[in-house]
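Whatever order the structure lists ligands and atoms in, that order sets their numbers, starting from 1. Since the model is a prediction, treat every value here as computed from it, not as a measurement.
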Amino acid sequence: MRICGVILSGGQSSRMGATKSFLEIDGRPAIAHIADELKRLSDRVAVITNEPADYQFLELDLYPDRYRNKGPLAGIETAIYHMDADVYAFAACDMPFIHYGIYEHLIQSLNHHDAVIPMYDERVHPLSGIYTKNVLPYIQMLLDSDQRKIRTLFDHITVNYVTSYNGISKHTLDKHFFNMNDPEQYEMAKRL
Ligand SMILES: Nc1nc2c(ncn2[C@@H]2O[C@H](COP(=O)(O)OP(=O)(O)OP(=O)(O)O)[C@@H](O)[C@H]2O)c(=O)[nH]1
């Protein structure tokens with residue numbers, strides 16, 4: 001199975017007030033930690049960013065959103081449009097502690113669905129999901145009619161929502177799904 005890892009980094013970071021990808025965790029930018037983990041899944045990892053010059057140090061494939069200012073769904077569209085793979089493992093740039101084993105578990109849960117979306121602590125995490133190429137025309141249809149909600153995509157495709165993570169510790173899961181959106185959460189991240 002051909003897998004691509006994709007980091008979504010096209011947001012405004014307005015709550016944080018600084019680009020979340022470049023916030024330092026253990027002396028390295030958050031996005032470098034995320035890239036390292038996705039490289040354990042695949043030798044093909046891309047970043048979807050509208051400021052590619054800032055990301056060249058990562059030495060990854062860089063693509064700007066094809067649909068501008070339409071949110072993360074546009075980032076997913078861009079990745080699938082440009083890269084040829086069977087499955088795409090997505091990560092938000094504000095989840096610095098992702099664990100590749102959780103993605104392996106999601107991929108094993110594909111079972112002919114169009115996407116596998118993790119749930120944890122009663123929250124749905126669509127930007128840490130696995131998507132197949134099948135979703136591309138549906139995303140384009142939504143973006144073409146200015147619909148940006150990922151949840152709307154799920155009305156059109158088959159989704160396996162994963163809620164059990166046998167063999168993965170609570171500590172690993174708590175960190176994987178930790179998301180830093182504001183300065184307070186960044187301070188928490190530095191202590192994790
Ligand atoms: N490629 C791409 N990624 C996006 C876009 N909007 C948000 N993202 C990414 O989606 C993830 C979640 O973003 P949010 O936290 O909802 O939004 P944000 O713009 O980063 O932050 P706020 O401005 O504080 O809402 C992050 O990884 C963002 O970089 C977009 O328009 N394009």
Side-chain angles (χ1 to χ4, degrees), residues 4-25 28-39 41 44-58 60-83 85 88-100 102-103 106 115 117-121 123-131 135-136 138-154 175-189:
C4 276
V6 183
I7 306 171
L8 297 170
S9 190
Q12 301 297 315
S13 296
S14 54
R15 284 166 288 173
M16 187 64 79
T19 307
K20 290 183 279 190
S21 287
F22 303 138
L23 295 175
E24 291 217 342
I25 301 282
R28 299 169 68 223
I31 195 167
H33 293 280
I34 299 168
D36 283 355
E37 213 54 27
L38 292 180
K39 282 184 202 161
L41 283 178
R44 187 109 195 258
V45 176
V47 182
I48 311 304
T49 169
N50 298 311
E51 309 288 344
D54 296 346
Y55 292 77
Q56 270 168 5
F57 71 97
L58 291 167
L60 299 174
D61 293 334
L62 306 172
Y63 300 104
D65 282 333
R66 291 182 353 106
Y67 293 78
R68 286 294 175 101
N69 303 316
K70 294 214 174 184
L73 196 56
I76 295 174
E77 194 278 341
T78 297
I80 300 177
Y81 177 86
H82 282 295
M83 298 193 291
Y88 301 81
F90 283 89
C93 68
D94 51 19
M95 296 173 74
F97 306 116
I98 59 162
H99 189 272
Y100 82 103
I102 295 173
Y103 287 101
L106 299 181
I117 302 301
M119 293 184 67
Y120 189 63
D121 258 356
R123 289 189 57 192
V124 184
H125 292 271
L127 303 184
S128 320
I130 301 290
Y131 293 76
V135 304
L136 187 63
Y138 299 102
I139 298 180
Q140 291 169 339
M141 178 190 76
L142 294 175
L143 293 175
D144 284 338
S145 57
D146 210 23
Q147 297 184 69
R148 304 170 187 198
K149 288 201 178 125
I150 296 190
R151 303 287 174 91
T152 312
L153 173 69
F154 299 160
K175 285 189 80 167
H176 178 89
F177 290 107
F178 181 84
N179 164 294
M180 46 180 199
N181 277 313
D182 56 35
E184 194 180 328
Q185 287 167 337
Y186 176 41
E187 288 306 313
M188 285 169 68

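- Every protein residue with a heavy atom nearer than 4.0 Å to ligand 1 is included here: L8, S9, G10, G11, Q12, S13, S14, R15, K20, I48, D65, G71, P72, G75, A92, C93, D94, L127, N181.
- Among residues two or more places apart in sequence or in another chain, the salt bridge (charged side-chain N to carboxylate O under 4.0 Å, His left out) test is passed with D146 by K70, R148.
- Of the possible donor and acceptor atoms, none in the side chain of S128 sits under 3.5 Å from a partner among the backbone N and O of A91.
- Stacking of R123 on the aromatic ring of F177 is not recorded, the 6.0 Å distance cut-off and the 45° axial limit not both being met.
- In this structure, the side chain to side chain donor-acceptor pair (under 3.5 Å) partners of Y88, at least two apart in sequence or on a different chain, are K133.
- H176 has its ring centre no less than 6.0 Å from the ring centre of F97.
- For D65, the side chain to side chain donor-acceptor pair (under 3.5 Å) test picks out N50, with sequence neighbours left out.
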